[in-house]
Every structure is written in C-alpha cells, then in structure tokens.
Amino acid sequence: DARQMDGYEALESIGSGSFGLIRKVRRKADGKILARKEIDYRKMSTKEKEQLVAEVNILKDLKHPNIVEFLERVIDRENSFIYILMEYCEGGDLAAVIRRHKEKSYVVQLTASVPIPEEFVWSIMTQLVLALHECHCGMIVNEDNQPAPRHILHRDLKPDNVFLDAKKNVKLGDFGLSRSLTNPQKAFAQTYVGELITDSLYDAKSDIWSLGCVVYEMCALEPPFLAETQNELSAKIKLGRIQMLPAQYSQELNMVVRAMLQVNPRRRPTTGELLSNSRIRYTSVQLK
Ligand SMILES: CNC(=O)c1c(C)[nH]c(/C=C2\C(=O)Nc3ccc(Cl)cc32)c1C
C-alpha cells in the first residue's frame, strides 16, 4: 500500500514509458537513486491490465546487464496506482543522444550535425544484440524445474526505449508491448509446431529489423524509412530500399545494417548469427 512508498523520496519526473510516468526517486534507507514507473490503473482496460501484469512478469525474471533491472512492484490500492521500481539510467534514452548529435547548433546558430563515432555505434549495437539474444534465446527454469527457452519478443525496440547508465552501458527498457511464448499460449503454439513457432521466429526477426532501424538512425541521424503518410511508409518498407550510411561509416557496418533491414524476415540474421560477426564478437569481449 501507499506506506510502502514512504521509504522513497520522490524527485523529478524523468520521462514517460508505456502506461505511465517515470520518476527519479531516492531510497531513504541507503540514498540509492532509482527510477519508478507510476501507473494509474483506474483508467486501464482489462486488456491493458493483463498486458501490464505480463510486462512485470517478463521483467521480473529477465536479469541481464543490458536489460533494465526490475527491483520491485508495489500496488497502492487506495489510489489505484502501481509503482514499478527499476534501476536508474543516468545517461537517459538513445533518442535524446541522437537528437543532440543532430542539432549541434553553434553560437552563430549554424546547425551542423556531429556524427556518432563508429566505435560507439558498434558498442550500442553489440549490447542490444546481447539483450535481444537473452530475450529470444535465453534459458529459464520453468515450473517443473526444467530449463526452457524464453522466446520473449520485445516488439517495441526504438531509440526511446534504449537507455544508458552512468558508464554508457546500454539498457533495453520498457517491455510494455513485449510478448512471451512461455505461457499457456505456448502449449497452443506447440500443437501447430510448424506455423506458430516460425511465427515467433518471425516476431524475433521483427525485433532484428527494429534493431536495424535503431543502428541506421544512429549513423544517418534519420530513420531509414521516412514518409508523410502511413501508406507511403509501408510502401517504402516493403520496397526495402535504404540509402547508404554516411561516408565515414565502414563497409562492414553498412553490411550488418542492410542484413538486419532485409524485407524478407528469413534473410535477416538471428542474434546468434550477429554474435558470430567478428566485429560484434570483438566488441562484446571489450565490454567485459
Ligand atoms: C530526460 N530524461 C532522461 O534523461 C532520463 C533519465 C535520466 N532516465 C530515464 C529513463 C529511465 C531510467 O533512468 N531508468 C529506467 C528504467 C526503465 C525505463 Cl522504461 C526507463 C528508465 C530518462 C528518460
């Protein structure tokens, strides 16, 4: 109940995630700074409440250095609020980093963009591949104490959902729209093993496509597909034609981005295949 939140001092609001506001809080016991998602569930439909419960259940047992750490969930029934306590990411979100590089306006108001260094792009991409690998292929011990694959799909990977901590480590956040196949539907999926499992593979490949869009945008400081209307946008996406990255980026980076943005999901690499890319493997070793 609300008294459980007495242990935290509310500080400023730092953003809005799926379902609600995100506030910086200080834990009184030890002064630790955390992020608290504050959700007023009074206005939520039953479906949204189910999605929220699913999100918390997914986050609760996803422990990975590149996924925002979930600490606690507190329900305040008096005020119909749910509080989700998570780790604080001092560096904010990647969308803000891209915006800052895009509009480097100087004293004379000359706006010239400053590119994001290629090393930084590889570092962000590698950490997001590691986070997605944990979601798609991580192993979990299920209810009958057997190791089982997670098959968690993020389904909302975009620069606004990628956060940086004080040491520039990347944290994948906001599993608000994610879906896990390790639940009753999974049994249903097993019965149509051919179709639905490839469906989940398809969904995993759509996370890969989203990752391609994030990496492309870090380099070009523009998303790969831009259009005025939804129809025009989906037409461009189906065509799959993308501009080369700006000249200072390597051929190798161009190749990896193009592979992730393939129109045919089967032609896109899995997280496992991406981790065997020499530059990504080398970068992941540097991160340890
Ligand atoms: C302007 N806001 C920020 O710079 C900012 C900062 C310093 N932190 C955040 C966001 C989060 C943060 O610090 N921890 C989080 C855990 C989960 C989710 Cl979905 C978001 C966050 C943001 C948006």
Side-chain angles (χ1 to χ4, degrees), residues 4-5 7-28 30-41 44 48-76 81-105 116 120 123-124 127-128 130-132 134-135 138 152-180 207 210-211 213-214 217-218 221:
Q4 281 175 275
M5 280 297 121
Y8 299 88
E9 183 189 341
L11 305 172
E12 74 272 21
S13 152
I14 48 180
S16 59
S18 59
F19 299 121
L21 176 87
I22 296 178
R23 181 182 301 281
K24 185 175 175 178
V25 297
R26 178 182 294 114
R27 188 163 58 192
K28 290 176 183 170
D30 59 0
K32 188 166 170 62
I33 299 292
L34 297 170
R36 181 175 76 188
K37 200 191 276 191
E38 306 177 346
I39 299 148
D40 175 354
Y41 64 81
M44 288 175 81
E48 283 172 326
K49 283 181 202 158
E50 285 162 1
Q51 183 61 35
L52 177 62
V53 167
E55 176 191 350
V56 174
N57 288 337
I58 284 174
L59 258 184
K60 190 159 61 358
D61 58 18
L62 257 179
K63 295 283 172 221
H64 186 273
N66 296 118
I67 293 174
V68 286
E69 185 190 1
F70 166 93
L71 284 96
E72 197 186 349
R73 179 208 66 197
V74 173
I75 299 180
D76 167 3
F81 259 86
I82 289 184
Y83 298 105
I84 302 178
L85 283 152
M86 295 172 283
E87 75 177 290
Y88 179 65
C89 305
E90 180 182 298
D93 62 68
L94 186 61
V97 172
I98 293 171
R99 244 191 326 273
R100 275 199 298 277
H101 278 266
K102 202 174 150 87
E103 277 110 31
K104 283 270 178 205
S105 59
I116 295 179
F120 187 55
S123 168
I124 302 274
Q127 295 179 70
L128 288 176
L130 291 167
L132 283 183
E134 179 60 26
C135 293
I152 287 174
L153 313 161
H154 189 278
R155 295 174 64 217
D156 195 19
L157 179 55
K158 55 188 178 185
D160 316 69
N161 281 340
V162 174
F163 303 96
L164 296 159
D165 71 3
K167 289 170 281 194
K168 289 265 188 286
N169 291 319
V170 166
K171 307 280 177 174
L172 182 53
D174 229 347
F175 286 70
L177 300 177
S178 56
R179 191 156 60 96
S180 152
D207 278 346
S210 305
L211 176 58
C213 292
V214 169
E217 188 169 346
M218 279 195 284
L221 301 177

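Just so you know, ligand 1 is whichever comes first in the structure, and atom 1 is the first atom listed for that ligand.
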**Request:** For Lys168 and Phe120, work out which heavy atoms get closest and say how close.
**Result:** CD-CE1, 3.8 Å
**Request:** List for me each residue that meets side chain to side chain donor-acceptor pair (under 3.5 Å) alongside Ser210, sequence neighbours excluded, and say none if there are none.
**Result:** none
**Asked** For ligand 1, what are the residues with a heavy-atom contact below 4.0 Å?
**Response** Ile14, Ile22, Ala35, Val68, Met86, Glu87, Tyr88, Cys89, Glu90, Gly92, Asp93, Phe163, Asp174
**Request:** Please tell me if the side chains of Ile98 and Glu217 come closer than 4.5 Å, counting only heavy atoms from C-beta onward.
**Result:** yes
**Prompt:** By ring pair (Phe, Tyr, Trp, His ring centres under 6.0 Å), which residues pair with Tyr8, not counting sequence neighbours?
**Reply:** none
**Request:** Check side chain to side chain contact (heavy atoms under 4.5 Å, CB included) between Asp61 and all other residues, then give those that pass, not counting sequence neighbours.
**Result:** Ile140, Arg150
**Item:** For Met86 against Phe70, the heavy-atom pair lying closest together
**Value:** CG-CA, 4.2 Å
